[in-house]
Asks: 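Encoded as structure tokens, here's the structure I'll be asking about.
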Amino acid sequence: MNHDRDSDILADSLNAAQREAVEAPPGPLLILAGAGSGKTRVLTRRIAWLVRRCDESPLAILAVTFTNKASREMRGRIERLLGFSVSGMWMGTFHGLSHRLLRRHSEEAGLREGFEIVDSDDQLRLIRRILRDMNLDEKQWPPRQAQWFINGHKEEGRRPADLQRADRPLEEQLRRIYREYENACRRLNVVDFAELMLRSHELLSQNETLREHYREQFRHVLVDEFQDTNAIQYSWLKLFAAGHKNLFAVGDDDQSIYGWRGARVENILRFQQDFPATRVIRLEQNYRSTAVILKAANAVIANNRKRLGKNLWTEGEAGVPIRVYAAFNDNDEARFVLGRIQKWVGQGNPRSACAVLYRSNAQSRAFEEALVDAGMPYRVYGGLRFFERAEIKDALAYLRLVSSRDSDSAFERVVNMPPRGIGGRTMEEVRAAAKAQNCSLWSAAADLAQGRQLTPRAAHALHRFHELIETINRDTAGLPLEEVVEATIQMSGLAAHHKNDQSERAEARLENLAELPSAARNFTHDGDAEAEPLVEFLNHATLEAGETQAGEWEDCVQLMSLHSAKGLEFPLVFLTGMEDGLFPHQRNTEDPMLLEEERRLCYVGMTRAMRMLYMTHAEVRRLHGREHCTMPSRFLAEVPEEFTEHVRAAGRTSPPPPPSPAKWTAGHNWHSAAMRPGARVVHKKFGEGTVLQMEGEAKVRVNFKGNIRWLMVALAKLEVVK
DNA sequence: CACCGAATTTTTTTT
DNA sequence: AAATTCGGTG
């Protein structure tokens with residue numbers, strides 16, 4: 001066997017299947033890669049292989065990932081393998097790459113130069129404004145529903161023009177809103193996330209010259225997390241790969257957890273139909289977890305019916321059992337987790353080797369409090385990210401207005417932030433004037449500041465604002481980006497505004513603002529140097545919202561949602577909040593399809609663990625300020641007993657803090673002890689049923705032989721069957 | 001127009 | 001529980 005350096009780097013320590021994937025001849029390839037089976041390794045080695053062995057230029061490769069984090073990581077690994085920088089390579093998220101395409105060909109794509117990307121927050125804001133313009137009541141037409149409708153259709157590649165007139169009034173109205181929304185986006189020269197995909201797709205499918213150009217350039221297309229692609233993304237991939245058919249897709253149907261945002265696992269099946277010559281390679285050997293953890297996870301996922309089917313195995317040791325802990329309430333759960341982390345760290349293990357996972361970001365709170373109290377450094381991923389914070393977005397809006405006066409969304413955002421006497425009334429006038437003259441808010445405001453329509457006071461305020469932006473622009477011209485940002489924060493009055501506010505929150509805001517200039521300095525615009533740095537920075541901020549907390553280099557306990565944990569691994573994992581209603585989430589318990597996605601999420605969570613896995617649940621959980629009695633997650637019951645060990649509350653003899661006295665004196669509690677989820681009850685009219693859920697003491701949700709309804713305990717005269 | 005307190009309402013997950 | 005929105009007052 002040839003043992004030159006290349007084969008060491010590229011093929012060493014690969015198993016047969018991995019090696020087969022890395023070294024496969026060109027053509028459509030589908031890699032079904034189970035959790036921990038070395039998927040990223042195969043992907044990075046494949047790219048290195050193409051460059052080193054097949055003499056492909058890195059520029060001939062299009063590599064698509066799902067998250068920015070994954071993209072960064074992969075780039076780093078490839079550069080380590082190759083030993084040189086691949087900064088020009090087309091590697092990134094679907095959205096990032098689409099953005100790059102649209103920047104390059106904005107004119108062909110029907111966008112004006114300097115178009116702006118809006119995040120979902122801005123999108124919702126815009127939809128609200130449209131509803132107002134259409135004279136629609138937000139109560140009757142919830143903006144969120146419209147947003148969901150619009151994004152859903154875009155993800156399927158449908159424009160308003162593609163939608164039929166609907167018979168149902170609701171749908172017809174939503175269609176109209178979508179149409180208005182699209183007009184507004186065009187007018188404002190803004191692009192939302194879904195639009196990035198859709199428009200770049202249209203650009204290539206309608207422009208043959210460009211399509212051929214890129215097909216020629218990208219001789220190899222690779223995609224990670226293929227199971228999470230939606231209809232438009234899959235179609236987008238095919239646009240590039242249809243000619244040479246060198247599409248290398250890596251995915252795992254058992255880890256498809258983005259169905260709620262349009263992802264289609266079926267793409268894995270369609271792949272083999274669309275590319276009949278597809279070679280399928282399965283990676284089933286797991287290198288990550290102990291046998292116990294792996295078998296338990298396999299047992300859970302086996303309850304899903306809709307699977308391609310695969311069985312992960314490991315040569316590794318059995319390991320210790322999965323520890324299950326039933327906490328009294330969420331604080332007790334946090335205390336328990338903290339205790340175990342302290343023990344673990346006390347044994348000399350790094351904090352960064354343990355992760356606390358939860359279904360929804362709101363659950364991080366209790367853990368954060370416990371960790372803060374104990375002085376344990378931690379880091380929260382997800383949730384509200386740096387560039388999504390209000391104060392940061394305010395500052396960015398000033399910058400945007402400075403760089404392009406016609407950005408109406410930026411204008412709306414900062415015209416009265418900090419307060420400068422331009423309120424709703426004045427803005428109504430400005431909006432009306434802008435509409436009448438078909439111009440931007442900025443120029444309408446400029447006119448009004450001169451004219452006589454407004455009260456002198458309002459006109460003066462507008463004039464001052466106008467001056468302010470012009471001054472910032474003049475004074476920062478030619479400065480480096482970092483200093484532009486710094487100066488804007490100061491001159492805009494944002495810094496002073498938050499400084500005046502003595503509250504703790506304002507202090508944190510000020511700190512965040514102080515970090516923005518250095519974020520700008522660290523920003524190296526990777527794409528084409530075509531746009532001006534400020535514009536690039538602003539779009540970067542939207543597209544890559546940034547991590548939540550700084551201090552990445554400190555050794556920290558990791559807190560994150562199950563969704564953001566995908567692709568990661570930790571020696572010690574806590575899977576928390578294992579309660580029915582929370583996980584699986586209430587909304588996803590009825591529909592089997594949705595329940596299966598929840599189960600896959602559970603599978604993802606369990607398979608993050610390398611050596612030790614804890615699964616915890618609380619018997620009482622606070623949610624929206626109310627206490628709920630809960631039942632252990634059905635997923636817990638799916639973990640075979642032979643792999644688990646129940647942990648008892650150590651050092652605690654009495655149950656946790658007694659319920660507040662007020663609660664006990666409130667009536668109807670003679671049966672409240674028995675009235676808990678799982679109890680059998682009899683109702684005069686509905687007969688016998690099972691309590692599913694309780695809301696405080698007052699309401700119960702009961703399943704009467706499939707007839708599920710909410711009842712008031714005080715009124716329903718339920719009797720608990722002993 | 002701004003400010004304050006009351007009322008109302010939370011969709012899980014992310015680009 | 002918290003955050004945002006609403007409505008009334010100064």
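Naming: A, B, ... by sequence-line order, numbering from 1 per chain. The figures here come from the full heavy-atom set of this structure, side chains too, leaving out hydrogens, waters and symmetry mates.
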Asks: If you take the centroid of each ring, where Trp contributes its six-membered ring, are A:Y358 and A:F583 closer together than 6.0 Å?
Replies: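 Ring centroids of A:F583 and A:Y358 are no less than 6.0 Å from each other.
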
Asks: How close or far is atom P of B:dT13 from atom CD of A:E388, stated in whole angstroms?
Replies: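 The distance from CD of A:E388 to P of B:dT13 comes to 11 Å, rounded to the nearest Å.
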
Asks: For the ring pair A:Y378 and A:F367, is the centre-to-centre distance below 6.0 Å?
Replies: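 Centroid separation for A:Y378 and A:F367: 6.0 Å or greater.
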
Asks: Mind checking the C1' distance from B:dT12 to C:dT5? Whole angstroms is fine.
Replies: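 The answer is 23 Å between these two C1' atoms.
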
Asks: Are A:N416 and B:dA2 close enough that a side-chain N or O sits under 4.0 Å from OP1 or OP2?
Replies: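 Result: yes.
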
Asks: Less than 4.0 angstrom between a side-chain N/O of A:S564 and OP1 or OP2 of B:dT14, yes or no?
Replies: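 Answer yes for this pair, as a side-chain N or O of A:S564 is under 4.0 Å from OP1 or OP2.
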
Asks: Starting at atom CG of A:D122, determine the distance to atom C1' of B:dT14, rounded to an integer number of angstrom.
Replies: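 After rounding, the reported distance stands at 15 Å.
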
Asks: Between C:dT4 and B:dT13, how far apart are the two C1' atoms, rounded to whole Å?
Replies: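 Those two atoms are separated by 22 Å.
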
Asks: Just the rounded figure in Å: distance from C1' of B:dT14 to CD of A:E544.
Replies: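 After rounding, the reported distance stands at 13 Å.
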
Asks: Could you tell me the separation between the CG atom of A:D330 and the P atom of C:dA1, rounded to a whole number of Å?
Replies: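 The distance from CG of A:D330 to P of C:dA1 comes to 12 Å, rounded to the nearest Å.
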
Asks: With the threshold set at 4.0 Å, does a side-chain nitrogen-carboxylate oxygen contact exist between A:E627 and A:R622?
Replies: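 Result for this pair is yes, salt bridge flagged.
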
Asks: Contact class for A:R365 (heavy atom, under 4.0 Å): base, sugar-phosphate, or nothing?
Replies: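 It contacts sugar-phosphate atoms only.
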
Asks: Give A:F94 one of three labels, base, sugar-phosphate or nothing, depending on what nucleic acid heavy atoms sit under 4.0 Å from its own.
Replies: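 No contact.
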
Asks: Nearest whole angstrom, please: distance from the P of B:dT14 to the CD of A:Q123.
Replies: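 Going from CD in A:Q123 over to P in B:dT14 covers 17 Å.
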
Asks: In whole Å, I'd like the distance from the CE atom of A:M197 to the P atom of B:dT14.
Replies: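 It works out to 19 Å between those atoms.
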
Asks: What nucleic acid atoms does A:F66 come within less than 4.0 Å of, heavy atoms only: base, sugar-phosphate, or nothing?
Replies: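 A:F66: backbone/sugar contact only, no base atoms under 4.0 Å.
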
Asks: Toward the 5' end of DNA chain B, which comes first, A:R420 or A:E597, by nearest nucleotide?
Replies: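 Comparing both residues, the 5'-ward one is A:R420.
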
Asks: Counting just side-chain N and O atoms, does A:H624 come under 4.0 Å of either OP1 or OP2 of B:dT10?
Replies: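 Negative; the distance criterion is not met.
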
Asks: Tell me whether the side-chain N/O atoms of A:R261 come closer than 4.0 Å to OP1 or OP2 in B:dT12.
Replies: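 Answer no for this pair, as no side-chain N or O of A:R261 is under 4.0 Å from OP1 or OP2.
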
Asks: Scan A:Y381, A:Y258, A:F66 and name whichever one has a ring pair (Phe, Tyr, Trp, His ring centres under 6.0 Å) with A:H563.
Replies: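 It is A:Y258; the other options fail the test.
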
Asks: Pairing donors with acceptors under 3.5 angstrom, does anything connect the side chains of A:T630 and A:H617?
Replies: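 Short answer, no.
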
Asks: Nearest to the side chain of A:S561, heavy atoms from C-beta on, is which of B:dT15, B:dT13, B:dT12?
Replies: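 From the listed options, B:dT13 comes nearest.
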
Asks: In terms of side-chain heavy atoms of A:R622, which of B:dT15, B:dT14, C:dA1 is nearest?
Replies: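 Minimum distance to the A:R622 side chain belongs to C:dA1.
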
Asks: On DNA chain B, check which nucleotide each of A:L582 and A:E155 is closest to and give me the residue with the more 5' one.
Replies: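 Closer to the 5' end of DNA chain B: A:L582.
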
Asks: Less than 4.0 angstrom between a side-chain N/O of A:T426 and OP1 or OP2 of B:dC1, yes or no?
Replies: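 So the side chain of A:T426 is within the cut-off, an N or O lying under 4.0 Å from OP1 or OP2 of B:dC1.
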
Asks: Determine whether a donor-acceptor pair (one donor, one acceptor, N or O, separation below 3.5 Å) exists between the side chain of A:N588 and the base of B:dT12.
Replies: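 Side chain to base: pair found, below 3.5 Å.
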
Asks: A:M615 and A:C602: which non-hydrogen atoms are nearest, and at how many Å?
Replies: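 Distance-wise, the nearest heavy atoms are CE-SG, 4.5 Å.
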
Asks: Look at the side chain of A:R359 and the base of B:dT13, then say whether one donor and one acceptor between them are separated by less than 3.5 Å.
Replies: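 When only heavy-atom distances are counted, A:R359 does reach the base of B:dT13 through a donor-acceptor pair under 3.5 Å.
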
Asks: Quick one: which of B:dA2, B:dT15, B:dT14 gets closest to the side chain of A:W260?
Replies: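 Nucleotide nearest to A:W260's side chain: B:dT14.
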
Asks: For A:Q147 and B:dT10, what is the distance between atoms CD and P respectively, to the nearest whole Å?
Replies: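 The distance from CD of A:Q147 to P of B:dT10 comes to 14 Å, rounded to the nearest Å.
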
Asks: How close or far is atom C1' of B:dT14 from atom CG of A:L601, stated in whole angstroms?
Replies: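 These atoms are roughly 13 Å apart.
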
